[in-house]
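Below: one structure, written as structure tokens.
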Amino acid sequence: MSISISDLPAQMQKILANDPNKSWNYGNTVNISGNYAAIIRNDDHWQTYQYTIEILRKINNKWNFSNRINPTDQFHGLYVWGNLGSYLNKGKLFFYNELIYHIDNDDYLTNKLMINDIEKQTKDSVSSMPSEQIESFGYNGEWLVIRKSKIEKEFGMPQTYIIDLFYKYLGNKLTLIDSIKFKHSVLLPHPNTSRINISENFSIIGFDRDSEYGLDDGSVNIYKRSGEKWFFFQKITHHNPHAQYNSRFGIGTAISEDERFLVIGAILSKDIRGKVYIYELHGDKYELYQTITEPTNKTAGLYGNSISFKNNILLIGHSETQDNSFRGKVYFYTFIDGHWQLEYTIQPPVGDTKYERFGISVDQDGETFIAGADTDNTYHTISGAAYIFQIPARDTVIASVCKSEGYAFGDTTYYESGTYRDTLIASYGVDSVVVLNLSVLPVYKQKFDTILCEGQFVEIGDQVFDQSGHFIVSLTSSAGCDSTIDLTLRVIDREYPMVDTFFRSGSSIYLQGQNIVSEGTYSFILKNINGCDSIVIYNVSRIEPDKMNIDTSFCEGHTLTIRDKVISKSGTYGFDLKNRFGCDSIVSYIVKELPVKKTNIDTLICEGESISIAGNVLNQSGQYNFTLVSSSGCDSLVELNLKIAMKNSKTIDTVLCTGQSIKIGDQHIEAAGEYHIILKNIYHCDSIVNIAVAKSELEVTNNVLSDLGCKSGGIDISTEGNNPPYHYLWNTGSTQEDLVSAEKGNYVLMVSDNTGCSYEFSFEIGDSTAYLIPEAFIPDDQNEELNRTFRIYLADQGRKIPRVSILSTNIFDRWGEKVFSSIGSNFWDGTFRNQPAPAGVYLYSIVIESPCWVKTIKGQVLLLR
């Protein structure tokens, strides 16, 4: 661990305009962010009042001139009070207010807010109308807030309005989101020297020219954001409105990152001393928390004119004093024990006497802050300067390093504990005496060779070791230095030998100093040659005299020999023997005489089958005797009575009606034919069934005669099939084959054949017209679909039932002469005396007979040619 002393003391660099003879008010407004700084200057103030901005860039810890931003126009002969304002955000976007003086028939002054991307070198802007003026602005990386003033006439009198505009970048485009306009009491406000401060949720706008309680008494407006909408939150004026005329309350403002504290500067008060007021947020209101008064008791100056509040560091500039000089200070405050307390007073080094109005503006970023002195007289001009400091400044360093690392202090590296002094020179040439209290901390190295028994472990730091091996462990001591442990570890495994032993019943055994009289498992902990525990386990058994029973047998008519003793009958026989341990062993033989088994078997087999017993194949009925060996090895006498079951055969003739089927065994039969089916009888032998199947088939044809209105309908039936004679039954009760004298309706016929099969048929009799007579005919037309003769169309004739007939036909011309006459069914072809009759209307008289009546029908027909 080594620390460079260059990180510790204050660093300072004085920045002058690169062409000071043409610069005025250099440093009136300063900004710093990241590796960029911005300083406003006024060029050639005796001829023009053109403000420009110099951009500095930090390279290798040195701030150098980078480029200059010039306005697009200039104005002549116009003096503008205060600064034009600027704002540098995150080392990238730089905002500045550009004034443009227009010279024409009606001279007027306008301005616009310029937005420069320093790295991309692109520009954007927000312009004002001729009657508007940009007063102040602020940016927080998301929101841009601009305050404008506008003079309008009401009832012929000028009236000042304040417009607060809220912009946001949407898709790289600056977009107006919200605006708030209100009337103000100041008629002609001067350009404001304070800028707008924006946090995440609050926008703080100081207006030190507000005259609510007196000219230039000042006020602060606070807006709060809700989503994309901003609304008025609170207005703060001097907490003592009669404290001092022209107090300029709000000339400097700041807000903490956490939005807890709001800081407002006022350059005058009742005791003619500048003050800074700190407010704390309580619910929906900021309330006064602490008042800080200019600490040197000077009664004039600009204490609170510039304020920077970042990273819990409060910097307050005081650019004027009352000791016949204008060499100001910057006060460094920190929050200690609930109050803001002065920790440092910062000025340029004593050797520099040219820092007039030092602290007129101040800004900070991290541990770097910049202060402006806009009338610095270094070159015997009031061109101004800017000073860059590194904070915090310390003159005593307490440090510690581990042995052999060393500590760099100034140009020397120290390896031993002690107190050292060095004089450091900053880049601007300011001497700084620094005292170093150095402690060199020891580094430990230890080596261990260790033997452990199984189950034991070594713990080093947060590591546990319980296995054999070589380990290097690096630890950090409480002082932060490394310690090295070199560990060689050998772990001895625990031994678990097992011993099986026994003792005879009635005695005991002596083990490891103990007299054992009962069987069981006994453990003894012993030490091995390495001093580790070794657990010996004894499995102790008691040996009893063996008693054994043996079941055995012999067949009836035979004998059994056991240990030279011949046994010929059932019983229990005992023998005394020695076991493998030399103890008595009593063996008892339980002997059984097994009788000869006799079995009678009755069995049946099918014709053509056989049965095999003891190598004999049997296929004839009869009684058979066999001598076999049973499962016990003795003779078994078997008497077999064998019977042969003969095969059955049966023939069946049957007739199936239409739609019927028959099931024989597992077979369904629906079609006619001869079938041979093998079934099992009650003995499970084959039984052959021969089936002759015939099908009853019946075909009925019919001729249905319509009813002419006098029950003249009928149904003519013709029946054909393979099982006559047939029997008929109509739903009218008639048993005749044909149905006669029937009226219109539905009829059902049931036909049965000689096998008993029945078939049902349905018929419908409709009504009909007895005849149809055409009204015209065309003998010469070739279209067969038209009437080419004059004929009468009669109802159909049945085969057995007479229907409608024509008895006679007579046709007359219009003068009454008969031109055609016929008996029976005939037709007129349109001729008279073998010549075509002329076209025209002819009269007819036709006599028609039907089953219901005989009538003469008269009418007329049109002959067409």
Side-chain angles (χ1 to χ4, degrees), residues 699-720 726-751 759-779 784-814 816-830 837 841-864:
E699 181 178 352
V700 174
T701 59
N702 65 87
N703 182 30
V704 178
L705 303 178
S706 300
D707 181 16
L708 299 177
C710 56
K711 294 185 180 181
S712 61
I715 302 173
D716 184 5
I717 297 297
S718 295
T719 307
E720 293 183 2
Y726 307 107
H727 305 281
Y728 304 93
L729 177 62
W730 292 89
N731 60 341
T732 62
S734 173
T735 59
Q736 299 300 317
E737 179 181 8
D738 298 323
L739 184 67
V740 296
S741 301
E743 61 184 0
K744 174 184 176 181
N746 295 315
Y747 296 88
V748 178
L749 172 64
M750 184 70 70
V751 181
Y759 303 90
E760 184 177 277
F761 302 93
S762 296
F763 307 94
E764 181 180 3
I765 295 177
D767 54 5
S768 176
T769 302
Y771 57 88
L772 291 174
I773 301 176
E775 295 179 350
F777 70 103
I778 307 174
E784 296 180 357
E785 294 181 359
L786 300 177
N787 295 325
R788 299 174 63 184
T789 62
F790 176 67
R791 60 178 297 179
I792 310 303
Y793 296 93
L794 303 177
D796 293 339
Q797 297 289 327
R799 289 172 297 179
K800 300 178 182 180
I801 303 173
R803 298 298 291 166
V804 181
S805 61
I806 299 174
L807 300 180
S808 65
T809 301
N810 293 293
I811 298 176
F812 304 91
D813 62 15
R814 56 183 176 176
E817 184 177 1
K818 183 184 295 186
V819 297
F820 178 79
S821 179
S822 70
I823 302 298
S825 296
N826 207 338
F827 57 89
W828 181 40
D829 60 1
V841 176
Y842 292 83
L843 303 178
Y844 59 80
S845 176
I846 304 172
V847 179
I848 300 176
E849 180 183 22
S850 76
C852 302
W853 40 255
V854 175
K855 65 171 67 172
T856 299
I857 302 171
K858 295 181 179 181
Q860 60 185 19
V861 61
L862 177 64
L863 172 63
L864 299 174

Let me confirm one number: the [atom1]-[atom2] distance from [X] to [Y], rounded to the nearest 0.5 Å.
X	Y	atom1	atom2	result
Phe761	Ile717	CZ	CD1	8.0 Å
Thr789	Asp829	OG1	CG	8.0 Å
Leu739	Thr732	CG	OG1	5.5 Å
Ile811	Leu863	CD1	CG	9.5 Å
Ile792	Ile848	CD1	CD1	6.0 Å
Ile765	Lys711	CD1	NZ	12.0 Å

[X] side chain near [Y] side chain, heavy-atom distance below 4.5 Å:
X	Y	answer
Ile806	Phe827	no
Phe790	Ile773	yes
Ser808	Ile823	yes
Leu749	Tyr728	yes

Pairing residues for [X] by the ring-ring contact (aromatic ring centres under 6.0 Å, His included) criterion, not counting sequence neighbours:
X	answer
Tyr747	none
Tyr726	none
Tyr842	Trp828

Minimal non-hydrogen separation, [X] against [Y], with atom names:
X	Y	value
Lys858	Ser845	CE-OG, 3.9 Å
Tyr771	Lys855	OH-CD, 4.3 Å
Ser821	Asn810	OG-OD1, 2.6 Å
Pro851	Leu708	CD-CD1, 3.9 Å
Ser762	Val748	OG-CG2, 4.2 Å
Ala776	Leu864	CB-CD1, 4.5 Å

*List for me each residue that meets salt bridge (Lys or Arg N to Asp or Glu O under 4.0 Å) alongside Glu764, sequence neighbours excluded, and say none if there are none.*
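For Glu764, no residue satisfies salt bridge (Lys or Arg N to Asp or Glu O under 4.0 Å) once neighbours in sequence are set aside.
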*Using the side chain to side chain contact (heavy atoms under 4.5 Å, CB included) rule, take Leu705 and Asp716 through it: C-alpha gap first, then chi angles, then the decisive distance, then the call.*
CA-CA 8 Å; Leu705 303 178; Asp716 184 5; 5.8 Å; no
*Are more than 12 heavy atoms from other residues, nucleotides or ligands located less than 6.0 Å from atom CD of Glu817?*
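Yes, enclosed.
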*What residues, two or more places apart in sequence or in another chain, satisfy side-chain hydrogen bond (donor to acceptor under 3.5 Å, both in side chains) together with Asp707?*
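Only Ser712 meet the side-chain hydrogen bond (donor to acceptor under 3.5 Å, both in side chains) criterion with Asp707.
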*Which residues satisfy the side chain to side chain contact (heavy atoms under 4.5 Å, CB included) test with Gln736, sequence neighbours excluded?*
Ser734
